[in-house]
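Accompanying notes for the structure given below.
Proteins come first, then strands; the chains are lettered A, B, ... in the order of their sequence lines, and each starts at number 1.
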Protein chains: 2
Amino acid sequence: MAKAVARKQLPAGITPVIEDYLKTIYFMAQEQAQVKTTDVAKRLRVKPSSVTAMLKTLADLKLVEYRPYYGVALTPLGNQIALEVIRHHRLIELYLVKALGFSWDEVHEEAEVLEHVLSEKLEARIAAHLGDPTLDPHGDPIPALDGTLPETATMTLADAPLRKRLRVVRVRDQDAERLRYIATLGLVPGAHLRLIERAPFEGPVTVRIGKRVHALDSRLARTILVEEAPRHPS
Amino acid sequence: MAKAVARKQLPAGITPVIEDYLKTIYFMAQEQAQVKTTDVAKRLRVKPSSVTAMLKTLADLKLVEYRPYYGVALTPLGNQIALEVIRHHRLIELYLVKALGFSWDEVHEEAEVLEHVLSEKLEARIAAHLGDPTLDPHGDPIPALDGTLPETATMTLADAPLRKRLRVVRVRDQDAERLRYIATLGLVPGAHLRLIERAPFEGPVTVRIGKRVHALDSRLARTILVEEAPRHPS
DNA sequence: ACGGAAGTTTAGACCGATCTAAACTTCCGT
DNA sequence: ACGGAAGTTTAGATCGGTCTAAACTTCCGT
C-alpha cells in the first residue's frame, strides 16, 4: 500500500499532469510551427496562467525550451517522454480492443488514464502479447521502445485521386460519437474504397465502399488518411 | 486529454489517497478491534498528524466514524468503497496472472496502482473475461459487485491437525520475496500436504508436500490458510 | 508610428496531502 | 491518585496544480 509509483529511470518528478502537457505540446508541434500558451490551455482545458506556471516548471526540469511570449518546444528529453506516454496510450488502446473486446470508440478515454500508470513491466508484457505491434486500432503508429515512430500515409480522403482504388490506413479522430459514425460507414483502417466525386469549394466528398455510396463532409474526409491500394480486393 | 476521472456514482471527491486510507482501515479493522491513528500511519508510511487530518476529511465525507483519541471505523459507505477497491485489486491480480503471464509475487505492486484507475467498464470486461472469479491468485476472496465477500477457511497451517490431509486455500502475504520462497516449497493455493510435526513453544512446523518435507517458521505457517482435504489426491 | 485588442505573464489565493514542532489526552505503574 | 511516557491532535509550513484579477507584451491596422 502507499508506495510511490516508481518511474523507469530518468527524471524523478514526472507526474501524470506533466505527461499530459508534454503529450499536448508534442501533438501541437506537429500541427503548427509555434506552440503558444493559449493553444495548450485550450487543449488541456485549463487557464492560460496555469499553463505559464507549468511551462516554467517544465523548463526547470529541462523538458521544454520556453521563451516567454513566444512559445514552447520540447527538448529531446521532453520529446522522449512524450513518445513513451504515446506508446503507452496506443498499446493500451490496441490491447483493449484485441484482448478485451472493446470497440475503437471506447478505448481512447480508458487509455487516457491508464497511460500514466503503466509500469515498464506491464508495458512489456502487453507489447509482447500483441506481438510488438506498430499500429493502434485507429491506424495511429505506436512509437517503438527506442523512440522510433513508424511513419504512415499523409494523403487524406479530402485530396486523394478520384476513381483510384484506395485503402484506409488511419483515422485521426478521438471523438467517440464520430468514430462510431465512421465505423458504420465501414471506414476503418484496412477498408477499401474509391473516391467518386469531390464537390468544389471544400464541399462534400463522395465515396464508394463495397456497394454503398456515401457523401462525407470535407472536414471529416480530412481526418481519414488513405493510400493507393495495390491491384485488387482484400 | 485532461478530462477528469469519472467515478461511478456516489461521492464525487474520492481520490486514490482516500481509497488507500479506506482500504487500510478496512483491513486493520478485521485484525484488531480498535483502529488507531498510529496504526494507520505506520501502514501507510505517513506521519500520525497526517492521518488525523485525513480522518477528519473522511469523517466529513461520511466515510468513517471518527472519535478523537479513540479510533476510527468505516461507515457502511466507507466499507462499500473499500470493498470496491479491493475487488479491483484482486481482479487485476488475477487478470495479470491469467492473461498476461505474471507470477503471483509480481502482481500486488501493479494492482496497488491500477486499482485506483480501473473504470467500471474495464472492471466489468475483466471480470467477464475471467468468468466472474471469486478468488485471486493468493486465494484471497474477491468481493462481488454487491459487496458480498465469499468467506474462506480460517484454519492456519500453524494450528491445523497433524497427519491429516490438508489443502492450501489461501496465502496471506504480499511480500514478493516471501511469496517466491513459498512458491518454491509448492505451498500455493490448491496444493495438498500433511502436517508432520509441530515443535513446541511456537517452534517450526514440519510439513510433507508430495515427497518433500520442509520445516517452516511458525510465523510463516500462520500466514498459510488450509482446510481438511476430502479423501484422496487431486 | 502608434493605440488598442488579443494574448501572456505576474501576483496572490486555494485545495489536497503531506510534514515538523508543540500542545494536549490517555492510561499505566507506583 | 497522580506523574510521566506514549499516543494523538493542533498549528503552521510546504508542494503541486489550479484559479482570478491585474499588469504587461506583442502586433496589427490605420
> 5'-most contact on DNA chain C: B:T57 or B:S49, nearest heavy atom basis?
Replying inline: B:T57
Spacing of [X] atom [atom1] relative to [N] atom [atom2], expressed in whole Å:
X	N	atom1	atom2	answer
A:L58	D:dG16	CG	C1'	12 Å
B:M54	C:dC19	CE	P	11 Å
A:Q34	C:dA6	CD	P	20 Å
B:K47	C:dA17	NZ	C1'	15 Å
B:I14	C:dC15	CD1	P	18 Å
A:L63	D:dG16	CG	C1'	15 Å
A:R45	D:dC19	CZ	P	12 Å
A:Y70	D:dT25	OH	P	12 Å

Can you tell me the base-pairing partner of [N]? Count Watson-Crick or G-U wobble geometry only, both distances below 3.5 Å, and say none if there is no partner.
N	answer
D:dT20	C:dA11
C:dC28	D:dG3
C:dG16	D:dC15

Side chain of [X] only, please: which of [options] is the nearest?
X	options	answer
B:T15	C:dG16, D:dT18, D:dT9	C:dG16
B:K56	C:dA17, D:dT10, C:dT10	D:dT10
B:P48	D:dT9, C:dA17, D:dG17	D:dT9

Look at all strands and tell whether [X] reaches a base, only sugar-phosphate, or nothing, counting heavy atoms closer than 4.0 Å.
X	value
B:K42	nothing
B:T37	sugar-phosphate
A:P68	sugar-phosphate

Would one find a side-chain N or O of [X] under 4.0 angstrom from OP1 or OP2 of [N]?
X	N	value
B:Y21	C:dT18	yes
B:Y69	D:dA6	no
A:K36	C:dA6	no
B:T52	D:dT9	yes

Between [X] (side chain) and [Y] (backbone), is there a donor-acceptor pair under 3.5 Å?
X	Y	result
A:R90	A:P143	no
A:S218	A:E202	yes
B:H138	B:W104	yes
A:T75	A:K62	yes

>> Strictly below 4.0 Å, N to O, side chains only: are A:R125 and B:E106 in salt-bridge contact?
In response: yes
> How far apart are the closest heavy atoms of B:T156 and B:R222, and which atoms are they?
Replying inline: CG2-O, 3.6 Å
